Amino acid sequence: MKETIPENPPLGLLLRLVHQHWTQAVDNALDAAGFGDIRPPHANVFTFTPPEGIQVSELTKLAHVRKQTMTQAVEELEQLGYVERRPDPNDRRARLVFLTRRGEGVRPIAVATGRKVDERWAELTSPQEMEALRKALKLLFEKVLDDASSRSNGDVAS
């Protein structure tokens, strides 16, 4: 049965459906590579953890998720052996999150699969349309961040 979408669907619905397609492709590739215990909420940890480690509070800001959500993802990945937490040498009270050797094996598969999805979408539309979409979404996101920042600083939107 062919999936259908409503006439004039909300942009949020379209973004979610396309994202689900992309995520499913990455999940399938990770599962095939032996990383079947990774769930979508874990993706932000792999995406934003640099080699020098990062505090959960910083991961939370970068991923735009609640601290509770990020803490749970880090705890689950630590139990699964994908990350480890070590003391932060610059802050005795804090701990840094690091990818383990197993965790470092995830990113190349996810990135390569994401590129394949991008390439396939460019075949289905065109490279120009995909680049225009990428630029438009990037610009929109930057504007949304700027707007949120100005609102949190007390500026009033006109």
Side-chain angles (χ1 to χ4, degrees), residues 2-33 35-36 38-77 82-83 88 94 96-100 102-158:
K2 184 176 179 170
E3 290 185 49
T4 61
I5 55 173
E7 184 100 18
N8 296 322
L11 183 57
L13 174 62
L14 290 173
L15 290 169
R16 183 173 57 83
L17 292 173
V18 171
H19 179 260
Q20 285 174 337
H21 179 270
W22 192 91
T23 301
Q24 188 63 52
V26 172
D27 288 347
N28 290 343
L30 290 172
D31 189 39
F35 300 115
I38 294 175
R39 298 181 310 103
H42 299 148
N44 287 320
V45 177
F46 294 104
T47 300
F48 296 110
T49 300
E52 65 274 11
I54 190 168
Q55 291 183 12
V56 170
S57 59
E58 279 303 305
L59 279 172
T60 300
K61 290 175 193 171
L62 292 171
H64 299 275
V65 297
R66 292 180 300 179
K67 187 168 183 182
Q68 177 183 1
T69 301
M70 185 57 72
T71 299
Q72 181 178 354
V74 168
E75 287 173 356
E76 289 172 1
L77 289 171
Y82 291 102
V83 301
D88 184 339
L96 296 176
V97 177
F98 292 87
L99 296 178
T100 61
R102 177 169 171 76
E104 289 172 355
V106 171
R107 193 175 293 158
I109 294 165
V111 169
T113 304
R115 283 190 187 121
K116 287 179 185 174
V117 172
D118 288 356
E119 290 168 6
R120 180 62 184 143
W121 289 355
E123 290 171 6
L124 294 171
T125 59
S126 75
Q128 296 79 13
E129 285 181 298
M130 290 304 296
E131 189 55 31
L133 177 60
R134 184 183 323 279
K135 285 180 179 178
L137 289 173
K138 184 176 183 278
L139 177 63
L140 175 60
F141 186 63
E142 289 168 354
K143 299 279 186 186
V144 167
L145 289 179
D146 287 346
D147 182 59
S149 176
S150 68
R151 287 174 184 267
S152 70
N153 291 332
D155 295 346
V156 178
S158 47

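Values in this document were obtained by computation on a predicted structure and should not be read as measured data.
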- In terms of the angle between their ring planes, are W121 and H21 parallel, tilted or perpendicular, with boundaries placed at 30° and 60°? tilted
- Task: Could you point out which residue of Y82, F98, F35 forms a ring pair (Phe, Tyr, Trp, His ring centres under 6.0 Å) with F46?
- Result: Y82
- Task: Please lay out, stage by stage, how L99 and V106 fare under the test side chain to side chain contact (heavy atoms under 4.5 Å, CB included).
- Result: CA-CA 10 Å; L99 296 178; V106 171; over 6 Å; no
- Note on the structure: For T100 and V83, the nearest pair of non-hydrogen atoms, with its separation, is CG2-C, 3.6 Å
- Task: For residues V56 and V97, report the shortest heavy-atom separation together with the two atoms involved.
- Result: CG2-CG2, 3.8 Å
- Item | Minimum side-chain heavy-atom gap L15-L137 below 4.5 Å | yes
- Task: Begin with the C-alpha distance, continue with both residues' side-chain angles, and end with the deciding distance and a verdict on ring pair (Phe, Tyr, Trp, His ring centres under 6.0 Å) for H64 and F141.
- Result: CA-CA 12 Å; H64 299 275; F141 186 63; 5.7 Å; yes
- Task: Supply the atom-to-atom distance H42 NE2 to T47 OG1, rounded to the nearest 0.5 angstrom.
- Result: 12.5 Å
- Atom of M130, atom of A122 and distance for their closest heavy-atom approach: CG-CA, 3.6 Å
- Query: After noting the C-alpha distance and the side-chain angles of K116 and E119, does the key distance pass the salt bridge (charged side-chain N to carboxylate O under 4.0 Å, His left out) rule?
  - Reply: CA-CA 5 Å; K116 287 179 185 174; E119 290 168 6; over 6 Å; no
- Query: Rounded to the nearest 0.5 Å, how far does CG of L11 lie from CZ of R16?
  - Reply: 12.5 Å
- So how far is it from L30 CG to T113 OG1, rounded to the nearest 0.5 Å? 6.5 Å
- Message: Between P6 and L13, is there a side-chain heavy-atom distance shorter than 4.5 Å?
- Response: yes
- Query: Taking side chain as C-beta onward, heavy atoms only, is L59 less than 4.5 Å from N44?
  - Reply: no
- First locate atom CE of M70, then atom NZ of K67, and finally report the distance between them rounded to the nearest 0.5 Å. 11.5 Å
- Task: Enter the distance from R102:CZ to L77:CG here, rounded to the nearest 0.5 Å.
- Result: 10.5 Å
- Item | Straight-line distance of L17 CG to I5 CD1, nearest 0.5 Å | 7.0 Å
- Any ion pair linking D147 and K143 (charged N to carboxylate O, less than 4.0 Å)? no
- Task: Indicate yes or no: at least one non-hydrogen side-chain atom of R66 is less than 4.5 angstrom from one of T60.
- Result: no
- Query: Is there a donor-acceptor pair under 3.5 Å between the side chain of S149 and the backbone N or O of L145?
  - Reply: no
- Task: Would you please say whether a donor-acceptor pair under 3.5 Å links the side chains of Q20 and Q24?
- Result: no
- Might you work through the side-chain hydrogen bond (donor to acceptor under 3.5 Å, both in side chains) test for E76 and Q72, ending with a clear yes or no? CA-CA 6 Å; E76 289 172 1; Q72 181 178 354; 3.1 Å; yes
- Query: Of the non-hydrogen atoms in V26 and G114, which two are nearest, and what is the gap between them?
  - Reply: CG2-N, 4.4 Å
- Looking only at heavy atoms, which two atoms of P41 and A73 are closest? And how far apart? O-CB, 3.8 Å
- Message: Atom CD of residue position E52 - does it have more than 12 heavy atoms of other residues, nucleotides or ligands inside 6.0 Å?
- Response: yes
